[in-house]
Each structure stands twice: as structure tokens, then as C-alpha cells.
Amino acid sequence: MENLSPAFITTFEASERALTTEHLDVLYGGTIQKLFDTSLQFKRNSITALIGASGSGKSTFLRSLNRMNDTVATVNGKIMFHGLNVNQANINVYELRKSIGMVFQKPNPFPKSIYDNITYALRADGEKNQQKLATIVEESLRAAALWDEVKDKLNQSALALSGGQQQRLCIARALALRPEIILLDEPASALDPVSTSKLEDTLKQLREKYTMVMVTHNMQQAARISDYTAFFHLGHAIEYDTTTNIFTNPQGAITEAYIQGSFG
Amino acid sequence: MSKKDTENLKDVVNQAIDSQQVVHVKLKDIGQKDIDIDKLTRPSKETHQEYWGRGLSYLAIGVIILLVGSIIGFVGIHGLATFFHDHVNLWQFLSSTDWDPTSGPNHVGALVMIVTSFLVTLLSALVATPFAVAVALFMTEYASKKAARFLQSIIELLVGIPSVVYGFLGLTLVVPVIRAIFGGTGFGILAGTLVLFVMVLPTITSLTVDALNAVPKHFRQASAALGATHWQTIARVVLKVATPRILTAVIFGMARAFGEALAVQMVIGNAVLMPYNLVTPSSTLTSQLTTQIGNTVMGTLANNALWSLALLLLVMSLFFNILVRMIGKKGAK
């Protein structure tokens, strides 16, 4: 049996933490445990990459953070956000998800216009002020580095955009709610290299204002854009450190093996 | 390479697969079978099977095409005889309310039947659609798998009930209640609408369930991740995406209502009177056909006039089909 106890888990000052998990367990169907006792702290205004082989629990972990796993799994443990445990029954998950946004693996814009995609959540919330909506659309698209490409065709269907543009639209759509944290689930895995590079540039710029946690299968990507990296193996967080340390001086034997590509 | 070697090699590969090891097998070791080059230019058993299979399927298609063609041809010839042989004016046929074909070509006006047919069809679809969408939403979005399956079997049961039973129920339950509330005979468009409502509900519901299930899951996920509630997601994303297919479901329901004869005939009253309200007896294209077909002699104007009603039904069913295709095409964009 491999040693699955954590090799090294970095910590931050309380004032630096944007989101913290304490002893998080995730169980499917009440019996099949996919994530074990995971306690990680995410630093404000940084990009944290979650790496690991398929089935290592990194996506399960990510989707638990904004309660997207509620209907399919049981999540035990604490998720601390502004001093509040948001993993409890009385939390309004709809409000929580407005503060902790999510971008998925496959670009999933609605079959609506670009404009309506961005304003979807705000309008569902009852925002009717057209001037305000237009401002938010422009700001969000600018932040996602998509404004110059789509400013003349905001009323066209979002499905006519390229895959990379669609994914940046999905980021803009999440930004329209002005979240604090953005969770990204392999955001570039369906994109070509040029689109990936644009997306990465966008994410790097967003770091100034947002905290990002990103699952990725692409180690180069993790190395290129993340500040911190957490390595997952078989449902355990094995090692969590600065990206430089993880890639140049890993503490755990499994981490080293994974980084060097002997499995996964 | 002998047969035994090949067997051994298979064992090695199978063992490797069992133990999940990766084994590199040199392709040339497996060898090739001797080729009979003449076979390439000769038809084989498979070639003949191919001819037979294709021939049988073309034959079946041919029979069906002939059948459909003769039905359309027969209805067309008899239905058009009213206009070409008996010289009834087409405009009069479509716009006059005077229906008494035994009295001569000036008394062949089908407007009453046309209006009543359209009214019962539209009204029943109008009443059934909200219920059908609500039931379909419950089945796809809220119900447990068990409850959804239970509802599904109830819907299938409703489809399977013969229309004469619906008509009988309408005659026994609906007509007396309408008579008690509104006075008169109780027969009429309202009774027809209520009976058809129950009859088209399962059709529209099950097609709407398919429509909602076809909405990709990732739209729901995207909406949920933006903080939308389940209901907001349904109202703003799921129903919008599914609209073309739901419309198709409604049109299929309307086609069924338009063509239903027996149940409607039992509750509509069968008087060729213009329906100025919903509770006086009237007559639909189908009910007129079923009640009168036995009273006419083949080849007479009265008989041909009924064929014209049948032709109108045929044209309408074609129209519904075209409508469905048009909406389908628009939805695919």
C-alpha cells in the first residue's frame, strides 16, 4: 500500500485566505469515498492549480467548493468563506454561487445572444436597468479579454463564437456577478493551443482582482500560470506548495513520480 | 508458422491482457492466411445475400408506396368528383353553412364542420398544453426515477384506452354535467373539447418529456453555477431550448384531435349548425363522416361530398406534418 499521508501542505495567514477547507470528505452513494480528509487553504488573488491523475478526486474537490456536488454526493467537513462554514444545510447555495463562480471543461454558453449570456444571471436576479446591464456586459467582456473581438456582434448567438471565445465568454458570464472566487474545471482541455494561450493570458490578468482555483491535466499549464499547486492522488491531497517547489523540489515520492510522468 | 505457434501466441497475449501487462507482439509473427486470388473476382454467398436483402426491402417499400398512393388517389378522385363531376363551387364548399348534399349541388357547404373541427382541435390543445408541460416538467425535473416511471406507465395506459371508451365516458359524465350547468342538451364543442383534452394529453406529455430530456445537461449546470435556482433554470433555459420540440408535440396532439372521429361524434351532437357558442350541438368533419357514410350511395353527390370532407382531412394532416417539419428545421438552427 502506498503512503497516502500528506507530504507537505502549505498554509497562509488568516488574512490572506480567500477560502479554506477543513477535513473535507466526499462520498458518492453514501459509501464510495472519493475524497479523504482534505484541508487546503487558498490564497487571495492567486491561481492555485489542482493536479493529479484521473480519479484522483481533484474535480470532486473543486465541485464541492461551491456546492455543485450537493445533489450527487455527500460532503462532510467545513468550507470556510469569510469566517462562515458554507458547507452547512442553512446556506443559500444560490447566493453562495454568485460569490464563488465556476467555469466548466466544455464551453457551455446558453443558446442566446452574447449579451443575453452575460446578463442572464443578473436578469434572473431581477436587474432591469438597461444602462447598468450594458456597463456590466462591457466590463465583464473587457475583463475576460473578449470585448474587442465581440463588441460589434453582441446580439449574435454565442454559439457562433469559436471554442476559445466561448470559454472566455463563460468566464465573462461568471465575472458579471462580480464573484470573489472563480473555480475552473479543466478550462482549456477542449481548446486548441492558440486559444489556450489566450485563455491563460486572461486568467493571469484576472489574478489582480480574483482568486482562482483550477483543475488541470496539463502540467505545463499548471507550471505556466499557477502560483500554487496541490497534487491529489486517490482522493488524498498529497502535497500543496508553491508551484515552483512542487515542480522542482517535490517532497512526496508519489508527487515526484507524477511530475516526472511515470504514471497518470 | 504452424497453427500450434499461433495458439501459443494467443495464450501469451491473453495472459498479458489478463495481467494488464503491456506486451509487444511482432506483427509478422502472427502470419497471414493464404489468399485465393480468384475469389476476388467471383460473387460469393455474401454477394447473393446482399442482392436478396436489398431486393426484399425495395419490394416492401414498393408495396407501401403503392398502398399510400392508391389511398391518396382514391380519396382524391372521389373527393374532387364533387367539384369536377357534380360542379360544386369550391368557394361555396369552403364558405357556405348550408349542408344538405341530397338536395343538390347548391347545398354543399362544409363551413360548419370546418369551423367546429378547428375549434375543438385548438381548444383542446390550448387546455391540454399547460397540463402536459407541467406533468412533463414534474417527470423530468422533480420526480424521482420511480415516480417518473409510474407516471410514464399511466400515460401509456391513457394512450391505450380505445376512443370509444373516452366517448362513452364523455357521454355519461361530461355531457350531463354541461347540461346541468349551461342548460340545453349538453352536447357541443365544450364536451368535445373536454373529451379530446384527455385524449391528446398523453400524446403531448410524452413528446414534451422527450423534448425536455433532450436539453443538454451542461446548460442546467451552467445555469446552476451562476446562482440560478432550479425554477429559474427551467423557466429561462430549459423551456426556451426545448420550445421547438414542445411546439412539435402540441402539433402532434392537434393532429390527433383533428382526426379523432368516434369519441367526438359521441359528444358533439351531430347537428350541422354553426356553433355560436360552445354548448350547442354541432358537427366536425370526422363526426359528419362517421354518421353519414352509411346513409349514402356510392357515386351520388351526397357520397362524393363526404369524400370531399375526407380529402380535406387528408390535406389537413399533410399540413400538420409540414408544420412539424418546418418547426423541426427552425429548431435545429
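In what follows, every chain begins at residue 1, and chains take the letters A, B, ... in the order their sequences are listed.
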Subject >> Crowding at CZ, Phe81(A) (>12 non-hydrogen neighbours, <6.0 Å) >> reply: yes

Subject >> Minimal non-hydrogen separation, Gly227(B) against Lys98(A), with atom names >> reply: O-CE, 3.8 Å

**OP:** Check whether any side-chain heavy atom of Gln105(A) lies under 4.5 Å from a side-chain heavy atom of His218(B), and answer yes or no.
**Re:** no

**OP:** Measure Arg67(A) against the heavy atoms of chain B and call it side chain, backbone, both or neither at under 4.5 Å.
**Re:** neither

Original post:
Atom CG in Leu226(B), atom CZ in Arg97(A): separation rounded to 0.5 Å?
Top reply: 10.5 Å

Original post:
What part of Phe104(A) lies closer than 4.5 angstrom to a heavy atom of chain B: side chain, backbone, both or neither?
Top reply: side chain

Subject >> Proximity breakdown for Pro179(A) and chain B, heavy-atom pairs closer than 4.5 Å >> reply: neither

Subject >> Gln232(B) to Ala124(A) - nearest heavy-atom pair and separation >> reply: NE2-O, 2.9 Å

Subject >> Close side-chain approach of Gln221(B) to Met102(A), heavy-atom, < 4.5 Å >> reply: no

**OP:** Show the numbers, then the answer: is there a side chain to side chain contact (heavy atoms under 4.5 Å, CB included) between Tyr120(A) and Val237(B)?
**Re:** CA-CA 10 Å; Tyr120(A) 171 79; Val237(B) 179; 3.3 Å; yes

Subject >> Nearest-0.5 Å distance, NE2 of residue His230(B) to OG1 of residue Thr71(A) >> reply: 9.5 Å

Original post:
When rounded to the nearest 0.5 angstrom, what distance separates NZ in Lys240(B) from NZ in Lys112(A)?
Top reply: 4.0 Å

Subject >> Shortest non-hydrogen separation from Phe110(A) to Phe219(B) and the atoms involved >> reply: CE2-O, 3.4 Å

